[in-house]
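Structure first, commentary second.
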Amino acid sequence: MLNRLEMLRIFCIAADAVSFKEAAIKLGISPQAVTRAVRELERLQGELLFHRNTRNIQITAYGEMLATRARQSVAQLDGLFTSADETSESDLEGLVTLTAPSVLGRQLLLPALTRIANQHPQLRFDLRLNDRHADVVSEKIDIGVRMGFLRDSRFVARQVAKVRFHVVATPELFARHGDPRHVEDLNALPTTAMFDRDTGRLWPWLFAGGQQANPTSARFICDDAEAELAAVLSGLAYGQIPGFLVEKLIATGQLVAVMEKLAPDPWGLFVYRPQRGPVSARIRLVFDAIIAALSEE
């Protein structure tokens, strides 16, 4: 007995043909196979679907009605098995929810999303910027961007870049206070410090070989990397800042990098999604586009 889906496929082709022979040629099967499929479908429906003579066929009124429904049903079932290469624009419609740390989201992710949105205006975005680690499952996050380490093996994650850290100051501040060569030299300098909302403590400055500096008497403390950078640019203090915020400023001479030989190992920049296995076309498109965009930074 024929698979019923295959029976409907044969019927839909026959409904548009002038003969079962023509339908058979289009399907790559024998005319007898088309005849058997139509007869079986007529038996199941309890209705005549075609008027037949020796030369051609004529679909009945009931057959026309059934063919309309069958085409829609077959198209919907085929859509369930559409490959990535066959994705239509309608498959890319809908909402994508993302999360990222605040400064990373504004500086790197938002420009990438803007480019994606311009290319695919049917997409919508819900971007959650938070320096605390989001509970991506309960918050129904589709895609995240994170700097540092990803320890959850359930995630599908791609490292797209490495982020270096630089100790920087304005040329004027550098001229007044000099060039620190050792971690201990920072104790005599005005520095910034970042407040960690998760622990309630200040982030240590990191250096090669696992060395750390704890800015217990920092001149400027805040909980936002862009505010910390603004304080450094104003000449208030030395700061240890991620490279994506300061490397262009170093290149133009607005900031001076010091202690480069003691720079810590770069941190990984990851794009991840919490769902393993098949994902929707729109999630896959945005995930791949963000990876491509951040890999170019």
Side-chain angles (χ1 to χ4, degrees), residues 3-13 16 26-28 67-102 104-130 133-163 244 268-297:
N3 175 290
R4 291 191 176 186
L5 175 59
E6 191 61 27
M7 189 189 304
L8 287 177
R9 289 187 198 280
I10 294 172
F11 168 63
C12 289
I13 297 298
D16 294 327
K26 290 181 179 179
L27 290 162
T68 299
R69 292 171 52 200
R71 291 186 191 100
Q72 294 173 348
S73 298
V74 170
Q76 289 174 349
L77 285 169
D78 285 343
L80 295 176
F81 303 99
T82 300
S83 70
D85 292 337
E86 299 169 332
T87 299
S88 67
E89 284 298 305
S90 63
D91 296 322
L92 303 178
E93 294 179 2
L95 181 68
V96 180
T97 303
L98 307 100
T99 185
S102 299
L104 195 157
R106 287 192 292 266
Q107 294 289 326
L108 297 182
L109 182 55
L110 191 54
L113 288 183
T114 301
R115 293 197 292 272
I116 297 167
N118 287 335
Q119 294 169 356
H120 301 279
Q122 70 276 25
L123 287 172
R124 296 181 293 117
F125 299 97
D126 180 348
L127 177 59
R128 314 287 179 86
L129 299 181
N130 196 328
H133 288 273
D135 185 343
V136 295
V137 176
S138 65
E139 295 180 28
K140 299 180 180 179
I141 300 296
D142 297 312
I143 300 170
V145 179
R146 177 64 56 181
M147 185 174 69
F149 308 95
L150 285 177
R151 297 184 175 89
D152 197 324
S153 60
R154 296 173 298 171
F155 293 168
V156 177
R158 287 277 303 276
Q159 180 173 317
V160 295
K162 291 186 176 181
V163 179
F244 62 84
L269 179 62
F270 294 90
V271 179
Y272 66 92
R273 53 181 172 85
Q275 181 181 349
R276 287 191 173 273
V279 295
S280 68
R282 71 179 187 281
I283 303 300
R284 184 170 58 246
L285 180 143
V286 175
F287 185 76
D288 292 344
I290 291 173
I291 288 173
L294 297 189
S295 298
E296 297 171 357
E297 294 292 338

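Since the model is a prediction, treat every value here as computed from it, not as a measurement.
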Exercise. Let me see the working for L129 and L110 under side chain to side chain contact (heavy atoms under 4.5 Å, CB included), right down to the final yes or no.
Key: CA-CA 10 Å; L129 299 181; L110 191 54; over 6 Å; no
Exercise. Check the pair R71, D16 against side chain to side chain contact (heavy atoms under 4.5 Å, CB included), reporting the backbone distance first and the verdict last.
Key: CA-CA 11 Å; R71 291 186 191 100; D16 294 327; 2.8 Å; yes
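For the residue pair A100 and G105, the shortest heavy atom distance occurs at CB-CA, 4.0 Å. Of all the heavy atoms in I116 and V286, the pair that sits closest is CD1-O, 4.3 Å. Between M147 and F244, the closest heavy-atom pair is SD-CE2, 3.9 Å. Of all non-hydrogen atoms in V145 and L104, the two that sit nearest each other are CG1-CD2, 3.3 Å. Taking each heavy atom of A70 and C12 in turn, the nearest pair found is CB-SG, 3.6 Å.
One distance of note links CG of L285 with CD1 of I290; it measures 9.5 Å at 0.5 Å rounding. Expressed to the nearest 0.5 Å, how far CD1 of I283 lies from CZ of R273 amounts to 9.0 Å. A distance of 11.5 Å separates OG1 of T99 from CD1 of I143, quoted to the nearest 0.5 Å. Expressed to the nearest 0.5 Å, how far CZ of R69 lies from CD of Q72 amounts to 9.0 Å.
Looking only at distances, no side-chain donor or acceptor of D142 sits under 3.5 Å from a matching main-chain atom of L98. Judged by distance alone, with hydrogens and angles left aside, the side-chain atoms of R282 form a donor-acceptor pair with the main-chain N or O of L95 at under 3.5 Å.
With respect to Y272, the side chain to side chain contact (heavy atoms under 4.5 Å, CB included) criterion is satisfied by exactly one of R146, R158, Q159: R146.
Between D126 and R124, no side-chain nitrogen of the basic residue sits less than 4.0 Å from a carboxylate oxygen of the acidic one, so the salt-bridge criterion is not met.
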